Amino acid sequence: MDKQTYYVNLNPISMDDVSRVKIPDSNLIQYEIEADPEELKSLDVLLNETQDHDLESRNLLTFRHFDESIEEDDRREFQRGMDHVLEKIYELGTPETKQKMEEARILNDDPKRNMRKPPH
């Protein structure tokens with residue numbers, strides 16, 4: 001399958017935004033990737049799951065925010081989702097994207113997660 005170039009927006013408010021066009025806005029965090037339709041769908045699922053969980057944890061109609069253990073669990077769960085998103089972006093990223101991620105040390109290198117460390 002042919003790969004196309006996409007730009008992934010990780011703005012917390014609209015994290016699920018994947019575009020074929022780079023948005024000229026220096027306030028956005030965008031990563032350039034190359035993906036075929038199947039890879040794009042896989043990334044979309046990760047983005048949507050992470051975004052959905054984040055919105056769930058912000059539900060203001062409950063008193064969950066008073067229980068610190070639940071709040072901490074929500075943060076860890078959201079971080080796990082973000083780690084998976086970033087791993088996928090790295091996997092699909094252009095060489096420039098991979099280099100930027102490595103320089104910014106964005107990837108979680110916790111050995112317990114069995115995540116492949118980027119080559120140095």
Side-chain angles (χ1 to χ4, degrees):
M1 289 193 203
D2 289 332
K3 293 189 180 230
Q4 301 288 325
T5 300
Y6 298 93
Y7 297 90
V8 182
N9 171 10
L10 289 187
N11 177 347
I13 296 170
S14 61
M15 183 184 310
D16 58 348
D17 187 22
V18 177
S19 173
R20 298 266 321 193
V21 179
K22 186 172 185 173
I23 300 167
D25 183 345
S26 62
N27 294 321
L28 290 179
I29 301 170
Q30 296 179 85
Y31 296 99
E32 184 178 67
I33 64 166
E34 294 176 341
D36 63 34
E38 187 175 309
E39 292 167 328
L40 185 62
K41 182 175 174 93
S42 175
L43 176 61
D44 275 338
V45 167
L46 286 173
L47 287 166
N48 287 324
E49 286 175 353
T50 303
Q51 179 75 7
D52 289 348
H53 176 77
D54 191 36
L55 293 175
E56 268 177 29
S57 67
R58 292 186 190 157
N59 186 348
L60 299 177
L61 300 176
T62 69
F63 292 97
R64 289 173 49 119
H65 58 280
F66 290 115
D67 186 336
E68 289 180 23
S69 65
I70 291 174
E71 189 174 317
E72 184 60 32
D73 288 344
D74 281 343
R75 277 195 293 271
R76 279 196 297 271
E77 184 64 29
F78 177 74
Q79 188 58 53
R80 274 193 292 274
M82 279 303 298
D83 289 346
H84 290 297
V85 166
L86 291 169
E87 289 169 12
K88 187 58 130 176
I89 290 172
Y90 184 85
E91 176 187 321
L92 300 174
T94 61
E96 181 180 279
T97 294
K98 289 179 181 183
Q99 180 181 357
K100 286 179 180 179
M101 291 178 81
E102 290 168 11
E103 288 172 358
R105 299 180 186 268
I106 289 176
L107 298 175
N108 182 351
D109 59 0
D110 181 352
K112 292 184 246 174
R113 297 211 46 242
N114 295 323
M115 185 181 139
R116 160 181 66 74
K117 286 180 98 170
H120 295 286

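As the structure is a computational prediction, the values presented were derived from the model and not from experiment.
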**OP:** Starting at CD1 of I89, measure out to CD of Q30 and round the result to the nearest 0.5 Å.
**Re:** 11.0 Å

Original post:
From M101 CE over to E103 CD, what is the distance, rounded to the nearest 0.5 angstrom?
Top reply: 12.0 Å

Original post:
Can you tell me if NZ on K100 sees more than 12 non-hydrogen neighbours from other groups inside 6.0 Å?
Top reply: no

Subject >> Residues in side-chain hydrogen bond (donor to acceptor under 3.5 Å, both in side chains) contact with E32, at least two apart in sequence or another chain >> reply: Y7, T94

**OP:** State, to 0.1 Å, how close H84 and L46 come at their nearest heavy-atom pair, and which atoms those are.
**Re:** O-CD1, 3.8 Å

Original post:
Would you call K98 and E102 a salt bridge, taking side-chain N to carboxylate O under 4.0 Å as the test?
Top reply: no

Subject >> Side chain E49, main chain G81, donor-acceptor under 3.5 Å >> reply: no

Subject >> Rounded distance [0.5 Å steps], CG in L43 versus OH in Y31 >> reply: 12.5 Å

Original post:
With side chains defined as the heavy atoms from C-beta onward, is the minimum distance between T97 and L92 less than 4.5 Å?
Top reply: no

Original post:
Rounded to the nearest 0.5 Å, how far apart are CG of L86 and OG1 of T50?
Top reply: 9.0 Å

**OP:** Taking salt bridge (Lys or Arg N to Asp or Glu O under 4.0 Å) as the test, write out the residues that go with K22, two or more places apart.
**Re:** none

Original post:
Are the side chain of E39 and the backbone N or O of D36 linked by a donor-acceptor pair below 3.5 Å?
Top reply: yes

**OP:** Would you indicate whether the side-chain heavy atoms of I33 and K88 approach each other to under 4.5 Å?
**Re:** no

Original post:
Looking at K41 and E38, does any basic side-chain N land under 4.0 Å from a carboxylate oxygen?
Top reply: no

**OP:** Decide salt bridge (Lys or Arg N to Asp or Glu O under 4.0 Å) for E77 and R80; before the verdict, give the C-alpha distance in whole Å, the side-chain angles of both, and the deciding distance to 0.1 Å.
**Re:** CA-CA 5 Å; E77 184 64 29; R80 274 193 292 274; 2.7 Å; yes

